[in-house]
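Letters A, B, ... are given to chains in the order of the sequence lines, protein chains preceding strands, and every chain is numbered from 1. Note that the structure is a prediction, hence the values are computed from the model and not measured.
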Amino acid sequence: MLDLKLIRSNPDRVREGLRKRGAEVSLSELLSLDQERRSVLVELESLKNKRNTVSKEVGRLKAAKEDASILINEMRQVNEEIRNLDEKVRLIEEKIGEKLLTLPNLPHESVPEGVDDSYNLEVRRWGEPRQFSFKPLPHWDIGENLDILDFERGAKISGARFTVLKGMGARLERALVNFMLDLHINEHGYTEVFPPYLVNADSMLGTGQLPKFAEDMFKVDPQGYYLIPTAEVPVTNLHREEILKSEDLPIKYVAYSACFRAEAGAAGRDTRGLIRQHQFNKVELVKFTTPETSYTEHEKLVRDAEAVLQKLGLPYRVILLSSGDMGFGAAKCYDLEVWLPSFNMYREISSCSNYESFQARRANIKYRPTPDAKPEFVHTLNGSGVAIGRTVAAILENYQEADGSVRIPEVLIPYMGGLERIQAKK
RNA sequence: GGAGAGAUGGCUGAGUGGUCGAAAGCGCCCGCCUCGAAAGCGGGUAGGGGUGUUGAGCCCCUCGCGAGUUCAAAUCUCGCUCUCUCCGCCA
């Protein structure tokens with residue numbers, strides 16, 4: 001959510017930022033609602049002031065056994081007006097709120113301007129895509145040949161975009177979760193969190209999934225819970241409605257969770273394999289920082305996510321997203337894209353965003369810069385560290401051998417109970 | 001699921017209709033004292049909004065949330081949420 005005071009005092013700057021994102025939004029309605037609200041409020045508050053003053057006078061008169069009926073009758077009139085104006089303000093504020101909640105964040109000055117992903121910038125590359133002496137198979141073929149991925153039965157028991165992991169496939173999934181958690185906890189200083197997978201609507205509003213993207217999520221009837229699309233939601237909302245101590249910042253959490261996405265707008269895309277599933281696992285990094293440090297922390301967060309791919313020996317590149325390609329709430333976002341041989345291209349495996357105060361304002365997460373200063377909004381950041389399903393796909397494809405087996409990356413062998421290679425059963 | 005109790009400021013905890021945004025204690029901040037600290041003493045210490053000579057003052061709202069009664073609600077009524085205790089059920 002954007003700061004209404006910023007919109008009021010600097011509408012041109014806001015318009016410019018929204019334009020860069022390709023958001024065609026008029027601020028004039030919002031600005032006039034804001035103006036109207038404040039003028040009604042002046043009138044309303046003076047009436048309430050009158051009521052408060054007179055009520056005290058009534059109390060005094062009654063205590064002195066004097067007649068107060070004139071004042072009481074007068075207040076009946078005033079109360080009628082207050083009721084009307086209260087309702088008026090409530091309606092205006094409702095409209096303002098709706099409007100504010102649908103405005104995307106403004107891009108940071110370092111974000112390349114552009115309408116779509118063709119304006120994204122490649123920041124750096126790591127690792128060399130391997131040269132194969134045979135035609136590399138897509139991971140779904142590898143997985144089925146090894147009997148570790150079962151797409152058919154996933155579809156039978158649930159539907160399209162659900163997969164069953166079996167044997168060493170399930171073990172690999174679990175190994176990756178543990179490897180990534182250990183790395184971020186032990187080497188990068190994050191605190192482990194295991195959150196609920198079902199959250200309420202307030203949480204979804206806080207991180208920006210609601211109200212605009214309801215169709216992307218699974219909702220549980222009739223209780224009204226939402227299945228989390230990412231651990232970002234419960235973990236960021238951990239500190240909703242809180243004022244944090246500045247000496248505790250930055251707060252760094254790492255959370256493993258399953259993620260659930262309706263993929264409403266992706267019909268027909270990535271229908272095969274593990275790339276786009278309704279349910280997948282992810283290790284997520286979340287930070288709460290001061291405004292002064294958020295961009296340094298953002299760079300560090302990206303490096304923390306990169307470390308996962310480096311240790312796994314998976315070639316990747318880092319992409320700085322253009323203003324038009326970023327998610328709704330991000331001020332700046334890097335994607336990590338891992339090399340997938342069968343696609344002969346890099347595919348997104350992590351997205352690391354600085355939300356600045358966008359989520360903090362929605363979720364009301366503040367901190368006190370100094371012990372007696374007024375609370376200010378924190379900056380929130382998050383990034384995948386990294387998506388597990390896509391990592392499984394990347395390992396199967398990058399580590400496949402001509403005989404159909406798959407080598408296990410060095411760092412994972414201890415997590416695989418010493419197994420060095422997944423082979424088909426005879 | 002049944003029965004009961006409760007929800008007040010960073011914390012503990014008073015407050016059952018009229019200067020209560022709220023006693024007291026703890027914590028925290030500033031000052032005095034001290035070489036320094038502790039103790040002691042004095043003062044300060046919620047959040048949001050409006051106005052404005054833009055952080056001086058003034059005003060409005062908030063005592064879990066939402067309605068209601070009243071000239072006036074932390075205090076009365078109703079609904080909801082959450083917490084705790086006991087019983088039942090259960091991974």
Next item on the list: Under the side-chain hydrogen bond (donor to acceptor under 3.5 Å, both in side chains) rule, collect the residues that match up with A:Arg303, sequence neighbours excluded.
Entry: none
Next item on the list: Mind checking side-chain hydrogen bond (donor to acceptor under 3.5 Å, both in side chains) for A:His188 and listing every partner two or more places apart, or none if nothing turns up?
Entry: A:His184
Taking the [atom1] atom in each of [N] and [M], what is the distance between them to the nearest angstrom?
N      : M      : atom1 : value
B:rG9  : B:rU77 : C1'   : 27 Å
B:rU81 : B:rC89 : P     : 25 Å
B:rU45 : B:rG68 : P     : 34 Å
B:rC29 : B:rC87 : P     : 46 Å
B:rA46 : B:rG27 : C1'   : 15 Å
B:rA24 : B:rC20 : C1'   : 15 Å
B:rC26 : B:rC35 : C1'   : 30 Å
B:rG31 : B:rG49 : C1'   : 33 Å

Tell me, please, which residues at least two apart from [X] pass salt bridge (Lys or Arg N to Asp or Glu O under 4.0 Å).
X       : result
A:Arg51 : none
A:Asp86 : A:Lys48
A:Lys20 : none
A:Glu94 : A:Arg90

Would you say the ring centroid of [X] lies under 6.0 angstrom from that of [Y]?
X        : Y        : answer
A:Phe218 : A:His278 : yes
A:Phe328 : A:Phe358 : yes
A:His379 : A:Tyr355 : no

Notebook entry, point to check: What parts of residues 63-74 of chain A reach RNA chain B, counting only heavy atoms under 4.0 Å away?
Noted result: A:Ile72
Item checked: Strand contacts (RNA chain B) in residues 36-46 of chain A, 4.0 angstrom heavy-atom criterion -> A:Arg37, A:Arg38, A:Leu41, A:Val42, A:Glu45
Item checked: A:Ser384 side chain vs A:Ser351 backbone, donor-acceptor pair below 3.5 Å -> yes
Next item on the list: Using only heavy-atom distances, determine whether the side chains of A:Glu113 and A:Tyr119 contain a donor-acceptor pair under 3.5 Å.
Entry: no
Check every strand shown and say whether [X] touches a base, only sugar-phosphate, or nothing at a heavy-atom separation below 4.0 Å.
X        : result
A:Lys245 : nothing
A:Arg361 : nothing
A:Lys56  : nothing
A:Arg60  : nothing
A:Lys366 : sugar-phosphate

Check: If each of A:Val54 and A:Asp34 is mapped to the nucleotide of RNA chain B with the nearest heavy atom, which maps nearer the 5' terminus, i.e. the 5' end?
Finding: A:Asp34
Next item on the list: Select from A:Ile243 and A:Lys374 the residue whose nearest nucleotide in RNA chain B is closer to the 5' end of that strand.
Entry: A:Ile243
Next item on the list: Any chance you could lay out the salt bridge (charged side-chain N to carboxylate O under 4.0 Å, His left out) test for A:Lys311 and A:Glu187, step after step, and finish with the verdict?
Entry: CA-CA 12 Å; A:Lys311 287 185 184 290; A:Glu187 295 186 30; 3.7 Å; yes
Next item on the list: Could you name each residue pair satisfying side chain to side chain donor-acceptor pair (under 3.5 Å) that touches residues 205-217 of chain A, not counting sequence neighbours?
Entry: A:Thr207-A:Gln209
Check: Hey, where on RNA chain B does chain A first and last touch, going 5' to 3'? Cut-off is any atom under 4.0 Å from a heavy atom.
Finding: B:rG18 to B:rA72
Next item on the list: Sorted by first residue and then second, give each salt bridge (Lys or Arg N to Asp or Glu O under 4.0 Å) pair with at least one member in residues 167-185 of chain A; sequence neighbours left out.
Entry: none
Check: For RNA chain B, what dot-bracket results from Watson-Crick or G-U pairs at under 3.5 Å, with [ ] for crossers and | for inter-strand partners?
Finding: ((((((((.[[[..)..(.....]]]((((((.......))))))((((((.....)))))).[[[[[..)....]]]]])))))))....
Next item on the list: Apply side chain to side chain contact (heavy atoms under 4.5 Å, CB included) to A:Lys166 and A:Asp147, showing your working.
Entry: CA-CA 7 Å; A:Lys166 196 175 153 192; A:Asp147 195 25; 3.1 Å; yes
